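Below, all heavy atoms of this structure are taken into account, side chains as well, without hydrogens, waters or symmetry copies. Everything quoted here is computed from the prediction, not taken from an experiment. All residue numbers refer to positions in the sequence shown, counting from 1.
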Amino acid sequence: MSDKKFTTTSGIEIKDLYTTAKPLTETPGQFPFTRGIQKDMYRGRLWTMRQYAGFSTAEESNKRYHYLLAQGTMGLSVAFDLPTQIGYDSDHDMAEGEVGKVGVAIDSLKDIEILFDGIELKKITTSMTINATASILLAMYIALAKKQGADLKEISGTIQNDILKEYAARGTYIYPPKPSMRIITDIFEYCSKEVPKWNTISISGYHIREAGSTAVQELAFTLANGKAYLNAALEKGLDINVFAKRLSFFFNCHNNFFEEIAKFRAARRMWAHITKSLGATDEKAMMLRFHTQTGGSTLTAQQPLNNVIRVANQAMAAVLGGTQSLHTNGYDEALSLPTEAAAKIALRTQQVIAFESGVTDTVDPLAGSFFVETLTDEIEAAAQAYIEKIDAMGGSVNAIENGYIQQEIASSAYQYQKEIESAERIIVGVNKFTQETEGITDVLNIDESIRTIQTEKLIKLKTERNNEAVKLALTALSSAAKTNENLMPYILTAVEEYATLGEIADCMRNVFGEY
């Protein structure tokens, strides 16, 4: 036996050989769902192959969406540029240099109409990676669905709407934590009545992991944030058996194959117990449903074609872990937004796993593995210890406000980087098996003219819309923000009058302040 110590990325020691594990008595599709939330999993229905896309203008992103749908994508996932994410119109001084860069620029309902031109919202599911301005983008989507004549009770999709991880790991927040939580619970309440099939929050571990956390920290901090949202909704008087069914999760999948599979299995079990402890009695309200994206921070600019292998490895782990939805990254994303060729290979990776690998033929194929079952238990125990520490601080909001979660993530990121620089952790093509030339020259460039295009659209919009109606809608929204009224109907009215995203966000900035 080897004397060398092996550990997962979370520091859990891996033994040379596993000869026993806790007996497995669970059935897939039954509480606490360790083995999956459906009894037949992918035999009944494959995961949604959802490719994340959005860049430049709504017109350009619309072309990519039509391309992806033609290639077999089953759902759309929208990336927004930074000004859209933090509530600035494209002509704002703060938007300079960022318009259309990391996602599509959306300034008003007009842009959403162009973004989904030729796409029937009643026939697809759409995921929107948006947080601080989630209420506004959701209102725009609902407004477009109404214009298309869709039944709002039937449209489905997800908004990320997870502001706590923005304070902890990512930074695209606008308002202080308490009014931000108020907006989120307003969305929960509104959607439960008006758009009941919409997933009102995707509680995100993805960005926590991208910021440098370990797998255990990603799991612990995500579920702790989930508890905070449950408690906020309960305080508002909402029924956990109703609103918890519309919560979903968004996890990262990194390179350590078995650790990632065990993380997903532990997540389901832990969430089932958390919801039950807070009063859920309906099993569907206890199910952890999640989308997975392969690890953006694992992609290397050096030898970028190696990323095809990394993405395939991560995608396979997500499938074996029981994901409901999956996005696979393009091999060139360490260099630019993905080219069409890279996006196609990323989608084909999922299709090969689904239709050629055989891993979808039976449910939870790794169940009973001594290693996987033991690792699932160990990850759960380590994550639970974190959650208990956060609970003792008064929950996630307090733990974020006092900097605890941010410090834990930063410490792990520093440790990881040290291991790479000392070659204790091997990254192929980066600190071992390196070469001089890389061989990728075709990257997607977004030029600065996008801001000019968007600004011209805004000038035109403001001359054509009913500005008196816009003013009335914004005044009503400002007044409602000073009360306990649900803000969603007011935001929807403003959107339908073609108030801009920045105008609506500013209304709430003026009442709530900035953080």
Side-chain angles (χ1 to χ4, degrees), residues 48 50-54 57-59 61-62 64-66 68-69 73-81 83-85 87 89 103-163 183-184 186-202 246-248 250 291 325 461 473 477 486-505 508:
T48 301
R50 188 185 297 285
Q51 287 305 101
Y52 188 49
T57 61
E59 288 87 347
S61 291
N62 176 260
R64 178 65 66 88
Y65 292 157
H66 279 285
L68 288 169
L69 290 167
T73 290
M74 296 145 66
L76 298 177
S77 185
V78 188
F80 298 97
D81 72 359
T84 303
Q85 292 180 49
D89 290 333
V104 62
I106 299 293
D107 291 319
S108 74
L109 177 56
K110 281 270 190 237
D111 286 325
I112 288 287
E113 289 166 0
I114 295 164
L115 186 67
F116 293 103
D117 186 40
I119 299 168
E120 290 186 73
L121 302 190
K122 66 183 179 184
K123 291 185 177 177
I124 58 160
T125 64
T126 303
S127 174
M128 296 192 277
T129 305
I130 196 71
N131 298 281
T133 53
S135 58
I136 306 170
L137 272 300
L138 175 59
M140 290 180 182
Y141 195 88
I142 291 169
L144 177 58
K146 284 170 71 177
K147 289 186 83 166
Q148 288 186 355
D151 180 356
L152 297 187
K153 296 282 193 285
E154 295 301 318
I155 64 163
S156 62
T158 304
I159 41 169
Q160 192 162 100
N161 198 26
D162 174 8
I163 205 66
I183 294 167
I184 287 168
D186 280 357
I187 293 169
F188 289 174
E189 183 179 51
Y190 177 83
C191 289
S192 68
K193 295 167 187 165
E194 303 298 330
V195 245
K197 289 191 176 178
W198 195 269
N199 296 321
T200 48
I201 193 166
S202 177
R246 301 270 50 102
L247 271 56
S248 65
F250 174 26
H291 170 71
S325 170
L461 174 78
L477 172 60
N486 192 305
L487 296 179
M488 278 303 294
Y490 294 94
I491 294 169
L492 182 59
T493 298
V495 158
E496 289 179 323
E497 295 295 351
Y498 292 92
T500 69
L501 174 120
E503 289 169 338
I504 296 168
M508 292 187 277

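- Of all the heavy atoms in Gly87 and Ala505, the pair that sits closest is O-CB, 3.7 Å.
- Residues Leu121 and Ala145 approach most closely at CD1-N, 3.9 Å, considering heavy atoms.
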Run the side chain to side chain contact (heavy atoms under 4.5 Å, CB included) check on Leu69 and Leu76 step by step: do they pass?
-> CA-CA 8 Å; Leu69 290 167; Leu76 298 177; 4.1 Å; yes

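- Using a 4.5 Å heavy-atom cutoff, the side chains of His291 and Thr48 are not in contact.
- Smallest separation of non-hydrogen atoms from Thr129 and Gln160: CG2-NE2, 3.5 Å.
- Of the possible polar contacts, one joining the Thr84 side chain to the Ile106 backbone as a donor-acceptor pair under 3.5 Å is found.
- In this structure, CZ in Phe250 is found 10.5 Å from CG in Asp162, a value given to the nearest 0.5 Å.
- Residues that satisfy the ring pair (Phe, Tyr, Trp, His ring centres under 6.0 Å) test with Phe188, not counting sequence neighbours, are absent from this structure.
- For the atom pair Tyr190 OH and Thr200 OG1, the distance stands at 13.0 Å (nearest 0.5 Å).
- Atoms CG and CD, from Asp117 and Glu59 in turn, are 9.0 Å apart once rounded to the nearest 0.5 Å.
- Judged by distance alone, the side chain of Arg50 and the main-chain N or O of Gly75 form no donor-acceptor pair under 3.5 Å.
- Going from atom OG of Ser108 over to atom CD of Glu503 covers 9.5 Å, rounded to the nearest 0.5 Å.
- Among all heavy-atom pairs drawn from His66 and Gly118, the shortest one is CE1-O, 3.5 Å.
- Atom CD1 of Ile159 and atom CH2 of Trp198 lie 7.5 Å apart (nearest 0.5 Å).
- Listed by first then second residue, pairs satisfying salt bridge (charged side-chain N to carboxylate O under 4.0 Å, His left out) with a partner in residues 492-501 read Lys146-Glu496, not counting sequence neighbours.
- Taking all atoms of both residues into account, the shortest heavy-atom contact from Pro196 to Ser192 is CB-O, 3.9 Å.
- Without hydrogens or angle criteria, Gln148 side chain to Ile119 main chain gives a donor-acceptor distance under 3.5 Å.
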Determine, step by step, whether Ser325 and Thr125 satisfy the side chain to side chain contact (heavy atoms under 4.5 Å, CB included) criterion, reporting the C-alpha distance in whole Å, the side-chain angles of both residues, the deciding distance to 0.1 Å, and the verdict.
-> CA-CA 11 Å; Ser325 170; Thr125 64; over 6 Å; no

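- At distances below 3.5 Å, not a single donor-acceptor pair connects side-chain atoms of Asp111 with backbone N or O atoms of Ala58.
- For the side chain to side chain contact (heavy atoms under 4.5 Å, CB included) criterion with Ile491, the lone passing option out of Ile183, Asp186, Ile136, Ile142 is Ile136.
- Shown here are the ring pair (Phe, Tyr, Trp, His ring centres under 6.0 Å) partners of Phe116, two or more places apart in sequence or in another chain: Tyr141.
- Within the 3.5 Å criterion, the main-chain N or O of Ala134 finds no donor-acceptor partner in the side chain of Asn161.
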Could you go step by step and tell me if Asp151 and Lys122 meet the side chain to side chain contact (heavy atoms under 4.5 Å, CB included) rule?
-> CA-CA 8 Å; Asp151 180 356; Lys122 66 183 179 184; over 6 Å; no

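- Between Asn62 atom CG and Ile112 atom CD1 the span is 11.0 Å, to the nearest 0.5 Å.
- Heavy atoms only, all atoms of each residue included: Gly502 and Asp89 are closest at N-OD1, 2.8 Å.
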Let me see the working for Leu501 and Asp107 under side chain to side chain contact (heavy atoms under 4.5 Å, CB included), right down to the final yes or no.
-> CA-CA 5 Å; Leu501 174 120; Asp107 291 319; 5.7 Å; no

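- Atom NZ of Lys153 has more than 12 heavy atoms from other residues, nucleotides or ligands within 6.0 Å.
- Checked by atom type, the side-chain pair Asn199/Ser248 shows no donor-acceptor distance below 3.5 Å.
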